[in-house]
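See below for the structure under consideration.
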Amino acid sequence: MDIVLGLQWGDEGKGKFIDLISEDYDIVARFNGGANAGHSIERKGKRITLKSLPSGIFIEGIQNVIGTGMVVDPVNFKQEVLNLKSFDESIQVEEYVVISQKAHLVLPVYKLMDIFMEENPFYTTVGTTKNGIGPTYANKALRQNVRVGDMYASDFKARVHHILEREYNLLISYGQTLPPFETMEEEFFDAVDFLKRFKFIDSEMFLNNSLSGGKKILAEGAQAAMLDIDHGTYPHVTSSTTLSAGACSGLGISPKKVGEIYGVTKAYCTRVGNGIFPTEIFDELGGEIRSRGNEFGSNTGRPRRIGWLDLPALKYAVMINGVTQLVLTKADILSGLRSVAVCTHYESDGKKTEMISGLFSNDQVRSVLKWMKGWSTDISDLKESSHLPAELIDFLTFLEKELAIPVSYLSTGPGREQIIKMH
Ligand code: IMP
């Protein structure tokens, strides 16, 4: 099994890369998160954002798995499937997507709870996508939730009703104005009926049997290393394990079966939501990179914060994931800048440090930048690494030396064909 992961704060361009390399695999399996993800893929000049569906969906014959570590929101999932069908009616979604029986369900009250926690001053504002991801994983850990496989249990409706009522009343007791209970419940059960068009499987058995039978699996990570619940910039993180270890636990596959681990990073940094971001650019250059790179949340539309490439954070992400190959995206967005910066380390309390994941805010840390000559050539149509401008080659060589892994792919634009295999 090979793995593709984001190494920053998400939105690195994993979807495009997975769509591209999934041709070499039999199965693409998502292992964490849910509708909080936004994996954008371009097809025939049109763009679609996948949320819960794995990014192998566009390649005929690939089996896509929604793994055990994911959380499935029936209402959102139904909408996503319908959108995909109207985007490309030839895609046999029901045939090529299977869902783990053990994946947890996102209930509508969890979304309401997410919104409430984000907006109530008694809670830490994380800047979530408000998809109910945190409350779902929390209820999973509390052992109070229902799973995909429960949908066929005779008491499923009663159990869901009980949870909906409990959380709904809790929110009402906090003085919240909520949508009508009956409408919310009805919409959920309608979506559950829709979800039943899909096959629910014991995904760990399916995946391990497939591996034994010689099939190739690509595990698709959502969110990214710095948003990991344990090793990210807590508390401004997501609620799942976004790392390579999460691929093993979320899919039920032994670490011994892992081969390549592709880490995807932009040539600069972005993040949506709150939290520490030492290399953040506050002047107009940040705004320029944002508009050139169309850096607006593909899920929520929020403007992304922009920063220079953060090498200590990247080194950390490479280390905790065991990344073997780097995929660099969006270097084309920096084309034309006279110079580009990379943060080599931070200073905190007057001391040099390379760790941010334990810190809470930008005030605690100052990033130290190394400036490099920018590249003026437009690289978006280049197909050969030998045609790349010398300054970009210097940038890539610097990264390879610092990270001690090869830059194997360089993405040169959003299009499917805009990628150069470097080695
Ligand atoms: P949640 O996952 O919706 O709970 O949001 C927690 C944090 O993760 C917030 O800062 C979100 O903006 C961020 N986040 C979640 N999913 C993604 C993603 O796919 N890309 C980028 N950021 C994300």
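Note that this is a predicted model, so its numbers are computed, not measured.
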Roughly how far, to the nearest 0.5 Å, is [atom2] of [Y] from [atom1] of [X]?
X	Y	atom1	atom2	result
C248	E204	SG	CD	13.5 Å
I393	L388	CD1	CG	4.5 Å
I217	D26	CD1	CG	8.5 Å
L5	N321	CG	CG	4.5 Å
L84	K51	CG	NZ	13.0 Å
E288	L334	CD	CG	10.5 Å

Counting only heavy atoms from other residues, nucleotides and ligands, does the tally under 6.0 Å from [atom1] of [X] exceed 12?
X	atom1	answer
F282	CZ	yes
E417	CD	yes
D283	CG	yes

Looking at [X] and [Y], does any basic side-chain N land under 4.0 Å from a carboxylate oxygen?
X	Y	answer
K199	E95	no
D11	R304	yes
D88	R43	no
E119	K130	yes
E347	R366	yes
D202	K102	no
R197	E94	yes
K111	D73	yes
E280	R305	yes
K330	E295	yes
K373	D394	no

Worked verdict on T324 versus E260 for side chain to side chain donor-acceptor pair (under 3.5 Å): CA-CA 6 Å; T324 58; E260 293 299 325; 2.6 Å; yes

Residue pairs fulfilling ring pair (Phe, Tyr, Trp, His ring centres under 6.0 Å) with at least one residue in residues 18-54, sequence neighbours excluded: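 Residue pairs with at least one partner in residues 18-54: there are none.
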
Under a 4.5 Å cut-off applied to non-hydrogen side-chain atoms, are [X] and [Y] in contact?
X	Y	value
L107	V146	yes
L195	I99	yes
V272	W9	no
I261	D2	no
L403	K315	yes
F398	K370	yes
I333	Y268	yes
V126	N274	no

Stepwise side chain to side chain contact (heavy atoms under 4.5 Å, CB included) test for L337 and W375: CA-CA 7 Å; L337 296 186; W375 44 96; over 6 Å; no

Which pair of heavy atoms, one from [X] and one from [Y], lies closest together, and at what distance?
X	Y	answer
G10	T270	O-OG1, 4.1 Å
P389	L382	CD-CD1, 4.3 Å
L309	C269	CA-SG, 4.1 Å
M70	S52	CE-O, 3.5 Å
E80	L53	OE2-N, 3.1 Å
R30	G34	NH2-O, 3.3 Å

Criterion side chain to side chain donor-acceptor pair (under 3.5 Å) on S411 and K16, from CA distance to verdict: CA-CA 9 Å; S411 167; K16 169 188 158 167; 3.0 Å; yes

Pair F198-F77, ring pair (Phe, Tyr, Trp, His ring centres under 6.0 Å): steps then yes or no: CA-CA 11 Å; F198 289 81; F77 188 79; 5.2 Å; yes

Polar contact flag, side-chain donor to acceptor under 3.5 angstrom, [X]-[Y]:
X	Y	value
K401	T397	no
R147	S100	no
D378	S335	no
T129	N36	no
Q223	T242	no

Audit row: L251, M1, side chain to side chain contact (heavy atoms under 4.5 Å, CB included) steps and yes/no: CA-CA 11 Å; L251 297 175; M1 174 175 77; 3.9 Å; yes

Pair E23-R416, salt bridge (charged side-chain N to carboxylate O under 4.0 Å, His left out): steps then yes or no: CA-CA 12 Å; E23 282 174 356; R416 197 161 191 273; 3.3 Å; yes

K352 charged N/C atom sitting above Y346 aromatic ring, 6.0 Å / 45°: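 Not flagged: K352 not positioned over aromatic ring of Y346.
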
Whether Y174 and F116 hold their rings parallel, tilted or perpendicular, with breakpoints at 30° and 60°: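 It falls in the parallel class, under 30°.
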
Side chain to side chain contact (heavy atoms under 4.5 Å, CB included) partner of V264, chosen from L7, L326, V4: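 It is V4, the one option of L7, L326, V4 that forms the side chain to side chain contact (heavy atoms under 4.5 Å, CB included) with V264.
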
Side chain to side chain contact (heavy atoms under 4.5 Å, CB included), paired with S55, selected from L218, L20, L50, I62: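 With S55 as partner, side chain to side chain contact (heavy atoms under 4.5 Å, CB included) holds for just one option, L50.
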
Verdict with reasoning, N145 to Y110, per side chain to side chain donor-acceptor pair (under 3.5 Å): CA-CA 11 Å; N145 202 27; Y110 298 154; 2.8 Å; yes

Partners passing side chain to side chain contact (heavy atoms under 4.5 Å, CB included) against K257 (at least two apart in sequence or in another chain):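 If we apply the side chain to side chain contact (heavy atoms under 4.5 Å, CB included) test to K257, skipping adjacent residues, the hits are N208, L211, I253, S254.
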
Qualifying side-chain hydrogen bond (donor to acceptor under 3.5 Å, both in side chains) pairs, either residue in residues 133-142, two or more places apart: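 Passing the test, one end in residues 133-142: no pairs.
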
Worked check of side chain to side chain contact (heavy atoms under 4.5 Å, CB included) between R302 and F296: CA-CA 5 Å; R302 292 178 292 179; F296 297 89; over 6 Å; no

